[in-house]
Amino acid sequence: MNLKKMILVAVLAVSQTAAAVPAFAIPASTQSTTSNVAAAVNTTQTVVTQEEPSATDPLPPLVTEAPAGTVTPTPTPTPIPAATEVPEVPAATGTPIPAVTQAPVNGAVSTDAAVPTATPLPGSTPAGQALTTSGLTTSATGGGQLILMMNSNKMYRNGTPYTANQPMAVKNGVSYVSIRAMVEMVGVSYTYDYKTKEVIVTKGTSIMRFKTDSKVYTINGTKYTMKGPAYQFKGTFMIPLTSITYALNIPYTVDNVQKRVILTLNTKPTASFTVQPTEIYAGQTTVNYVTSYSSPNGTPMAEEQWGGNKLDMYDQPGFYTVTYSVRDANNLWSDPYSVTIQVLQPNQPPVAQFTTDKDEYKMGEPVILTDTSYDPEYEELTTTWSNRGLAYFNPGPTSIQLTVTDKHGLSSTFEKTINITSEQLYTQDEVAKLFTIPGDVLTFDGGLIPALPNLPYNLSSDSYTLIRSNSPETVNTEGVLYRETSVGKTRFLVHHMNNMTTRQKLYVIATNNGIYPATITTEYSGIAGPVTSPEYTGRISIQKYYNSMITGSSKSQITLQPGQSVPIMTDLNKIAMKPKEVLSLSADLISDYPILYNVVMVEQTKDPVAVLPTLPILDRDGVHNRGTYPDSTRIINVTDVVGTTQSKLILGDNKNDLNLIGIDPMTGTEASNSGNFGVLYKIVLNRVAANTLITFNPRGGNYLGSLLVNGTIVNLPNKGSLSSSDMNAVIFRTGEYEGPVDITFSVASGSNLPVNFVFTPLPAKK
């Protein structure tokens with residue numbers, strides 16, 4: 001061969017070699033193994049709004065923390081076979097790589113055939129076939145190793161060599177692999193959508209979508225950002241290595257010495273079970289075993305196996321261990337899952353018993369009952385009395401019964417007979433006034449109460465601004481229920497019902513439109529619901545509001561930066577409102593700068609701050625009230641002696657107690673706070689005579705609420721509701737000496753006004 005021919009052959013050989021290597025592939029000899037490698041891989045994918053660290057080196061670093069939910073065993077790689085063991089096609093010949101004809105990974109159905117409607121990935125023609133070596137093997141233990149050689153298309157699964165349709169390579173500092181080669185080696189299903197240019201990978205119940213030329217991919221609809229965009233090269237869909245390993249939940253390590261990435265594969269199924277109920281009693285409880293099965297590759301279960309001491313009912317108390325394993329259709333067994341069951345001593349019935357302070361009483365003499373019932377397991381008991389009274393008025397033997405029931409339904413009853421003599425101590429009316437406990441109801445002739453003299457008092461106020469959001473009470477569409485700017489002391493009364501067909505959430509959104517950071521301090525707060533009873537939410541929210549005054553449990557602060565909007569009092573929106581459910585809020589806040597408040601109702605999945613600019617302001621319903629009212633704390637100071645004669649204090653009648661007048665800021669019209677809902681009354685009775693009974697009497701209709709008397713919460717009433725003007729809930733009774741009484745009261749949403757406080761002299765005790 002002459003010199004000219006030799007030079008021509010050499011040039012041809014060099015050009016053929018260069019054509020066989022993608023332009024972005026970096027030769028192994030130029031790869032960096034310095035500490036800069038640490039920036040190449042981040043195994044925790046971030047939400048789409050965040051970027052992965054930029055890669056500066058083609059090789060991922062050694063992974064010290066596997067993706068969530070995985071365990072990374074110490075790798076023991078199979079020695080890499082000599083390169084001659086991997087059949088390769090000479091670049092110059094252009095001979096197509098033969099199609100894969102061997103059994104698929106794990107014995108599963110071919111990934112292309114796994115989804116009947118699947119369209120092959122680009123490059124699925126014979127020339128683009130991903131694998132070239134037959135005999136994919138599965139470890140008997142369901143695990144294995146997949147080794148990717150850097151800047152090479154050589155792959156080794158459990159020591160068996162394969163050739164990918166494109167080498168692992170680097171583009172713009174990001175390590176890329178062929179997605180088809182990866183998913184086929186792992187053994188999961190995939191398809192390619194030519195319309196959307198997406199590869200769709202299915203692993204068990206997880207669906208992953210990767211789009212050509214996009215850095216964003218999704219797992220079950222949740223978006224993540226890759227280090228670099230997916231792309232196609234010579235018919236092969238290439239994807240960042242860190243993204244596909246995270247998506248498939250595959251831990252890996254990096255061997256920079258031998259230039260390889262070692263992936264730890266796990267194809268074993270997973271089995272688990274729970275035991276119900278949580279408390280199991282020997283000889284009494286039927287045990288239910290609720291199983292759970294999953295497979296990394298979605299392989300169906302073929303067999304299950306129980307071990308240990310599995311019984312439907314255990315005769316003896318003690319500890320019993322039960323194991324559960326499953327075998328999938330690939331003949332792989334899960335690791336045994338075990339649960340130790342504690343079987344308790346058989347539940348014993350409770351013991352009902354009570355005592356009386358004596359065995360014989362006069363008619364009208366108070367009977368003191370002391371409940372001494374107990375439960376052998378120290379469980380809380382439900383008590384039911386029969387023929388229990390403050391006193392009895394028929395002479396002769398009288399039987400009283402008590403039944404107690406534990407949470408398992410076992411009960412017992414105790415009965416005691418006392419004797420009532422024919423001698424009388426008190427009348428029924430006297431017994432009711434003298435001995436009815438606070439919160440219980442006694443009966444007056446309601447028709448006589450309006451004629452009682454009104455208690456004289458001095459009235460002052462505190463400068464709390466009240467925001468009352470109660471119209472539309474029944475909300476038929478998403479929108480802004482209230483919008484107002486307030487600074488300093490601000491009180492909220494919010495009460496709304498969801499009348500839509502979807503679940504909604506109620507928010508109070510605070511916005512700082514100023515130029516300085518603004519701090520909001522929550523002083524007191526009470527939130528109730530969502531439930532279907534408006535009266536119940538009103539009672540519980542005001543009860544919690546009082547409790548926060550006693551305990552300080554609601555005290556908190558939040559600082560808003562200029563322009564910032566955030567939901568506040570977030571317990572309000574922890575639970576979505578079903579259709580017809582109601583939420584109530586009573587709260588006192590203080591801000592150091594003006595704050596714009598928006599009360600909104602939106603569908604439960606929506607971001608209230610994001611949609612706020614698009615929400616309409618809803619109209620009033622024409623029945624209920626909304627408005628901003630100044631001076632919403634009313635201080636009633638009574639200096640005269642109270643209780644020497646019967647009298648009353650009336651609230652919420654708009655005559656003796658005038659409505660607050662304010663403005664509806666959404667319409668700019670005047671608003672009158674009918675019933676003075678949201679007003680906090682502080683009633684200071686400086687001198688209450690000895691032996692004075694104070695009761696609460698509704699005048700406008702059904703009432704269900706509570707109040708504070710000398711710092712103690714009293715229900716109005718303890719059971720049921722105050723449904724007529726003849727009903728009086730006892731709230732306080734003075735003793736043998738004159739003294740002060742302080743009452744804190746606010747009308748419960750869902751109840752009715754006006755109401756009376758009635759002061760009645762008590763008969764002398766005998």
Side-chain angles (χ1 to χ4, degrees), residues 356-358 361-370 388-393 420-421 423-458 636-651 681-699 706-719 722 725-745 755-766:
T356 58
D357 55 323
K358 54 185 182 177
Y361 298 85
K362 299 174 184 179
M363 288 189 298
E365 182 177 2
V367 176
I368 300 175
L369 301 172
T370 304
R388 180 182 185 178
L390 295 173
Y392 299 90
F393 298 91
I420 309 299
T421 69
E423 185 178 359
Q424 184 160 357
L425 184 64
Y426 294 110
T427 66
Q428 291 191 35
D429 181 65
E430 290 172 332
V431 167
K433 291 177 179 178
L434 286 168
F435 303 109
T436 300
I437 65 173
D440 278 1
V441 176
L442 54 83
T443 302
F444 287 173
D445 183 352
L448 301 177
I449 293 177
L452 296 176
N454 293 324
L455 203 63
Y457 57 82
N458 298 316
I636 295 174
N637 191 12
V638 181
T639 57
D640 294 342
V641 177
V642 178
T644 54
T645 59
Q646 196 172 28
S647 60
K648 72 177 186 297
L649 171 63
I650 188 166
L651 300 179
Y681 293 91
K682 294 184 176 181
I683 304 169
V684 181
L685 307 171
N686 292 278
R687 299 176 61 193
V688 181
N691 299 315
T692 297
L693 174 67
I694 306 176
T695 59
F696 180 90
N697 175 242
R699 306 304 300 179
S706 59
L707 46 68
L708 280 174
V709 183
N710 288 350
T712 300
I713 296 176
V714 176
N715 294 321
L716 303 171
N718 287 328
K719 294 182 180 179
L722 299 173
S725 60
D726 291 336
M727 301 177 72
N728 282 259
V730 173
I731 63 172
F732 194 76
R733 188 183 290 108
T734 59
E736 299 300 319
Y737 302 97
E738 176 187 300
V741 176
D742 292 335
I743 300 173
T744 301
F745 172 71
V755 298
N756 285 334
F757 289 88
V758 181
F759 306 90
T760 304
L762 288 170
K765 285 190 176 181
K766 301 175 184 178

Worked check of side-chain contact (heavy atoms from CB on, under 4.5 Å) between Ile743 and Leu708: CA-CA 6 Å; Ile743 300 173; Leu708 280 174; over 6 Å; no
Set out, in order, the CA-CA distance, both residues' side-chain angles and the distance that settles side-chain contact (heavy atoms from CB on, under 4.5 Å) for Val441 and Leu722, then state yes or no. CA-CA 8 Å; Val441 176; Leu722 299 173; 3.8 Å; yes
Before giving the answer on side-chain contact (heavy atoms from CB on, under 4.5 Å), spell out for Leu649 and Phe759 the whole-Å C-alpha distance, their side-chain angles and the decisive distance to 0.1 Å. CA-CA 8 Å; Leu649 171 63; Phe759 306 90; 4.1 Å; yes
Run the side-chain contact (heavy atoms from CB on, under 4.5 Å) test on Ile437 and Val730 for me, step by step, so that the C-alpha distance in whole Å, both residues' side-chain angles and the decisive distance to 0.1 Å come before the verdict. CA-CA 7 Å; Ile437 65 173; Val730 173; over 6 Å; no
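Considering every non-hydrogen atom in both Pro456 and Val638, the closest pair reads O-CG1, 3.7 Å. The shortest non-hydrogen separation linking Gly446 to Asp726 is N-OD1, 2.6 Å. When all heavy atoms are compared, the tightest approach of Ser725 to Ile449 is O-CD1, 4.4 Å. The nearest pair of heavy atoms linking Val755 to Pro698 is CG1-CA, 4.3 Å. Nearest heavy-atom pair, Lys766 versus Glu430, reported as atom, atom and distance to 0.1 Å: NZ-OE1, 4.4 Å. Taking both residues in full, the closest heavy atoms of Pro366 and Leu425 are given as CD-CD2, 4.3 Å, listed atom of the first, atom of the second, then distance.
Considering CE of Met363 and OG1 of Thr421, their distance stands at 7.0 Å, rounded to 0.5 Å. Considering CD1 of Ile683 and CD1 of Ile636, their distance stands at 5.0 Å, rounded to 0.5 Å. Interatomic distance, CG of Asn691 versus CZ of Arg733, reported as 10.0 Å (0.5 Å rounding). Atom CG of residue Asn697 and atom CE of residue Met727 lie 10.0 Å apart, to the nearest 0.5 angstrom. Rounding to the nearest 0.5 angstrom, the gap separating the CZ atom in Phe393 from the CD atom in Gln428 is 4.5 Å. The line from CG of Leu693 to CG of Leu434 is 8.5 Å long, rounded to the nearest 0.5 Å.
Considering Thr692, Ile694, Leu762 in turn, Thr692 is the only one that fulfils the side chain to side chain contact (heavy atoms under 4.5 Å, CB included) rule with Thr734.
Taking 4.5 Å as the limit, every side-chain heavy atom of Val741 sits out of range of all side-chain heavy atoms of Val642. Side-chain contact between Lys433 and Tyr426: absent, with no pair of heavy atoms (C-beta onward) separated by less than 4.5 Å. Arg687 places none of its side-chain heavy atoms less than 4.5 Å from the side chain of Pro740. The shortest distance between side-chain heavy atoms of Thr712 and Asn710 does not fall below 4.5 Å. Counting only heavy atoms from C-beta outward, the side chains of Leu390 and Thr436 approach each other to under 4.5 Å. Using a 4.5 Å heavy-atom threshold, the side chains of Leu685 and Asp742 count as separate. The shortest distance between side-chain heavy atoms of Leu707 and Ile731 falls below 4.5 Å.
Inspection of the Asn718 and Asp440 side chains reveals an N or O donor paired with an N or O acceptor under 3.5 Å.
Asn454 pairs by the side-chain contact (heavy atoms from CB on, under 4.5 Å) definition with Lys648, Ile650, Asn656, not counting sequence neighbours.
Without hydrogens or angle criteria, Asp445 side chain to Gly447 main chain gives a donor-acceptor distance under 3.5 Å. One N or O on the side chain of Asp357 and one on the backbone of Ile368 form a donor-acceptor pair closer than 3.5 Å.
In this structure, the ring of Tyr392 has its center no less than 6.0 angstrom from the ring center of Tyr361.
Taking the six-membered ring for Trp and thresholds of 30 and 60 degrees, Phe696 and Phe745 have ring planes inclined between 30 and 60 degrees apart.
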